[in-house]
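Right, one structure below, let's go through it.
Scope of the values below: all heavy atoms of this structure, side chains included, with no hydrogens, waters or symmetry mates. Here is how names work: the chains are called A, B, and so on, in the same order as the sequence lines, proteins then strands, and each is numbered from 1.
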Number of protein chains: 2
Amino acid sequence: MAKNSYHHGNLKNELIEKGLEYIDRNGVESLSMRKLAESAGVSCAAPYSHFKNKQDFLKAIQDYITERFMDVLTAAAEYCRDRSRLLIELGISYVRFFYKNPLYYSFLFNRNFPDLETYSPFLFFRECVIMTLGKDLDEDKLRYGVIALWSMVHGLAGLITVEGLIDPEHIPEEIEKILTTVDIRR
Amino acid sequence: MAKNSYHHGNLKNELIEKGLEYIDRNGVESLSMRKLAESAGVSCAAPYSHFKNKQDFLKAIQDYITERFMDVLTAAAEYCRDRSRLLIELGISYVRFFYKNPLYYSFLFNRNFPDLETYSPFLFFRECVIMTLGKDLDEDKLRYGVIALWSMVHGLAGLITVEGLIDPEHIPEEIEKILTTVDIRR
DNA sequence: CTTTAATCTTATCGTTGTTAAGATATTAAC
DNA sequence: GTTAATATCTTAACAACGATAAGATTAAAG
C-alpha cells in the first residue's frame with residue numbers, strides 16, 4: 001500500500017493477481033491491459049512501466065501458473081509412499097490441476113507452447129518415469145514411453161472439461177482407470 | 001470473378017481461403033478482418049455481409065479444416081488393408097496432418113474446444129477402436145481405452161512441433177514406436 | 001540536500017471489430 | 001422488359017485496444 005495516490009506501491013504484483021483472476025474466470029481472449037489498469041486504479045499507461053508489452057505481461061502470468069503447477073506435481077510425488085503408484089498419482093494431480101482451473105490449460109499451452117526440454121513439469125515427470133520404470137525398460141522403450149505417457153496425460157487434461165466424457169465427481173478413480181488401461185512394460 | 005468492380009462475386013469463399021492461408025502462415029493471433037478484406041480488394045465492412053462477426057468467420061474456417069482433417073483420417077482407414085495396423089495408421093495420419101500445418105492445431109483446439117460427442121474425427125476414431133479391439137475388451141476397458149488412446153494421439157499431435165522431441169524426418173516410424181510402446185489389451 | 005532513477009499521468013497515435021445509412025448490382029415477380 | 005425486392009458492397013463513424021512520448025511526482029542513493 002502506498003502512502004499517496006500517485007505511486008501505487010505494488011502495481012506489478014496486483015496486475016499479475018488481477019490478470020490471473022481474470023483469466024481463470026473469462027479466459028485470456030478478452031483480457032485487456034486497459035481494463036486491468038483501471039481495476040487497479042491506475043492510468044492505462046502505468047502497466048508499461050513494469051511490462052514491456054502485453055505479451056511480456058502474459059508471459060509473467062504463464063510463469064506464475066507453471067510454478068503453481070510444479071508445486072502440485074512435486075507435492076504429489078512427495079506424499080506418494082507407494083512407489084508403484086507414483087505415475088498414477090502424478091497423472092491424477094496433473095489432470096486435477098487443470099480441472100480446477102480449466103481456462104489455464106488453453107492459456108498455458110496455446111500461445112508459445114513451451115519447449116519441453118526446458119519445461120520443468122516435463123523434466124520432473126520424465127525423472128519420475130525413469131525412477132519408476134527405468135529398471136524394467138531399455139533406453140529406447142523408456143524414451144518413447146515417456147513421450148507416450150506425457151502425451152496421454154497432457155491430452156487427457158485437455159479433455160476433462162468435455163461434458164460427459166469424464167465424471168467430475170470421480171476424477172481420481174476415472175483417471176486411474178484410464179491410465180491403468182495402458183501398459184508400457186512389454 | 002465479377003464483371004464489374006462493385007460486386008466481388010466470390011467474396012465469402014475468397015475470405016475463407018485467404019484466412020486459411022494466413023492462419024497457416026502466421027497463426028490466428030494477428031489475423032485481422034480489415035487486412036483480409038483489403039487483400040481481397042473490398043472495403044473493411046464488406047465481410048460483414050457474409051459473416052455475423054469475426055468469431056462466426058473463424059468458426060467457418062474451423063469447420064473447413066475439420067473437414068479436411070476428416071478426409072485424411074477416412075482415407076487412412078480406407079487404404080489400410082491390414083486391420084491390425086488400423087489404429088497405428090490412424091495415429092500416424094492424425095499426427096502428420098498437424099505436422100504439415102502446425103498452426104492449425106492451436107487454432108482448432110484452443111478456442112471453443114469441440115464437444116467430443118459430436119466431433120466427427122473423434123466419433124470415427126472411436127468406431128475404429130471398437131472395430132479393432134472390440135472383441136478383445138469388455139465395455140469398460142473399451143471406454144477407457146478409447147479415451148486413453150485418443151488423449152495420447154491428440155496430445156502427441158500437440159507435441160510434434162517441439163524441436164528435438166520427434167525427428168521430423170522419420171515421423172511415421174517414430175509415431176509407430178511411440179504408439180506401440182503402450183498396450184491396452186491386458 | 002541534491003541528484004538520480006523509478007513510477008505514474010496525460011495526451012496522442014494507429015489499428016481493430018462493428019454498425020448504420022446509403023449506393024449498386026443481382027434476382028424475382030409480374 | 002420493366003419494376004420491385006433482395007443481396008452485396010461502400011463510406012463514414014464509433015468505441016476499445018496496445019503502445020509510445022513527454023512530462024510530473026515520488027522514492028532511493030550519494
Side-chain angles (χ1 to χ4, degrees), chain A residues 1-64 103 106-107 110-112, chain B residues 1-64 103 106-107 110-112:
Chain A
M1 230 29 176
K3 297 186 273 282
N4 53 75
S5 66
Y6 197 99
H7 273 44
H8 181 286
N10 193 31
L11 183 56
K12 185 170 183 174
N13 288 331
E14 184 169 339
L15 285 175
I16 290 181
E17 282 170 26
K18 288 241 160 79
L20 267 172
E21 200 181 322
Y22 187 90
I23 291 173
D24 186 29
R25 277 212 249 269
N26 313 100
V28 72
E29 207 84 359
S30 61
L31 181 144
S32 129
M33 296 296 276
R34 296 178 93 106
K35 282 187 292 190
L36 234 51
E38 190 185 18
S39 83
V42 296
S43 78
C44 68
Y48 295 92
S49 291
H50 300 277
F51 305 98
K52 215 179 66 193
N53 48 35
K54 187 178 185 179
Q55 195 165 352
D56 184 41
F57 172 65
L58 294 180
K59 178 73 165 54
I61 296 186
Q62 218 164 345
D63 290 344
Y64 182 85
L103 294 175
S106 61
F107 170 64
N110 201 24
R111 62 192 59 246
N112 294 341
Chain B
M1 231 30 177
K3 297 187 272 283
N4 53 75
S5 66
Y6 196 97
H7 271 45
H8 181 285
N10 193 30
L11 182 56
K12 186 171 183 176
N13 288 331
E14 184 169 339
L15 285 174
I16 290 181
E17 282 170 27
K18 287 241 161 81
L20 267 172
E21 199 182 323
Y22 187 90
I23 291 173
D24 186 30
R25 277 212 250 268
N26 313 100
V28 73
E29 208 82 0
S30 60
L31 180 144
S32 131
M33 296 296 276
R34 295 179 94 106
K35 281 186 293 190
L36 232 52
E38 190 185 17
S39 84
V42 296
S43 79
C44 67
Y48 294 91
S49 292
H50 300 278
F51 305 98
K52 214 179 67 192
N53 48 35
K54 186 178 184 178
Q55 195 164 353
D56 184 41
F57 172 65
L58 294 180
K59 179 70 165 53
I61 296 186
Q62 219 164 344
D63 290 344
Y64 183 85
L103 293 175
S106 60
F107 169 63
N110 202 27
R111 62 192 60 244
N112 295 340

Next item on the list: Ignoring backbone atoms, test whether A:H50 places a side-chain nitrogen or oxygen under 4.0 Å from the OP1 or OP2 oxygen of C:dC8.
Entry: yes

Next item on the list: Test side-chain contact (heavy atoms from CB on, under 4.5 Å) on A:H50 and A:F57 and set out the steps.
Entry: CA-CA 8 Å; A:H50 300 277; A:F57 172 65; over 6 Å; no

Next item on the list: For B:F51 and C:dT19, give me the distance from atom CZ to atom P, rounded to whole Å.
Entry: 15 Å

Checklist line | D:dC17 phosphate, OP1 or OP2, under 4.0 Å from A:S32 side-chain N/O | finding: yes

Item checked: Of the listed nucleotides D:dT8, C:dT19, C:dT18, the one nearest the side chain of B:A45 -> C:dT19

Note to self: Tell me the interatomic distance from A:H8, atom NE2, to D:dA27, atom P, rounded to whole angstroms.
What the structure shows: 14 Å

Note to self: Quick check on D:dA19: is either OP1 or OP2 less than 4.0 Å from any side-chain nitrogen or oxygen of A:Y48?
What the structure shows: yes

Next item on the list: May I have the distance from A:D56 (atom CG) to D:dA19 (atom P), rounded to whole angstrom?
Entry: 10 Å

Checklist line | A:K35 vs D:dA16: side-chain N/O to OP1/OP2 distance below 4.0 Å | finding: no

Margin query: Over all strands shown, is B:L31 touching base, sugar-phosphate only, or nothing at heavy-atom distances under 4.0 angstrom?
Written below: sugar-phosphate

Next item on the list: Quickly work out the B:L11 CG to C:dT26 C1' distance and round it to whole Å.
Entry: 15 Å

Item checked: Distance, rounded to the nearest Å, where A:N10 contributes CG and C:dT7 contributes P -> 11 Å

Checklist line | Side-chain N or O of A:S49 closer than 4.0 Å to phosphate OP1/OP2 of C:dT7 | finding: no

Residues 28-36 of chain A side chain polar contacts: donor-acceptor under 3.5 Å, at least two apart:
unit_1	atom_1	unit_2	atom_2	d
A:E29	OE2	B:R111	NH1	3.0
A:E29	OE2	B:R111	NH2	3.3
A:S30	OG	A:Y22	OH	2.7
A:S32	OG	A:R34	N	3.2
A:S32	OG	A:K35	N	3.0
A:K35	NZ	A:S30	O	3.4

Check: So how far is it from A:D24 CG to A:F107 CZ, rounded to the nearest 0.5 Å?
Finding: 11.5 Å

Margin query: In this structure, how many angstroms lie between the P atom of D:dT8 and the CG atom of B:L15, rounded?
Written below: 12 Å

Notebook entry, point to check: How many Å lie between NE2 on A:H7 and C1' on C:dT9, as a whole number?
Noted result: 11 Å

Next item on the list: Calculate, to the nearest 0.5 Å, the distance between atoms NZ and CD1 belonging to B:K18 and B:I23 respectively.
Entry: 14.5 Å

Check: Counting side-chain heavy atoms from CB outward, which of D:dC9, D:dA13, D:dG18 is closest to B:R34?
Finding: D:dA13

Margin query: Among residues at least two apart in sequence or on other chains, which ones pass side chain to side chain contact (heavy atoms under 4.5 Å, CB included) with A:E38?
Written below: none

Next item on the list: Could you please name the option among D:dA19, C:dT10, D:dC9 that lies closest to any side-chain atom of A:S43?
Entry: C:dT10

Notebook entry, point to check: Could you give the CD-to-C1' distance, from A:E38 to C:dT10, as a whole number of Å?
Noted result: 16 Å

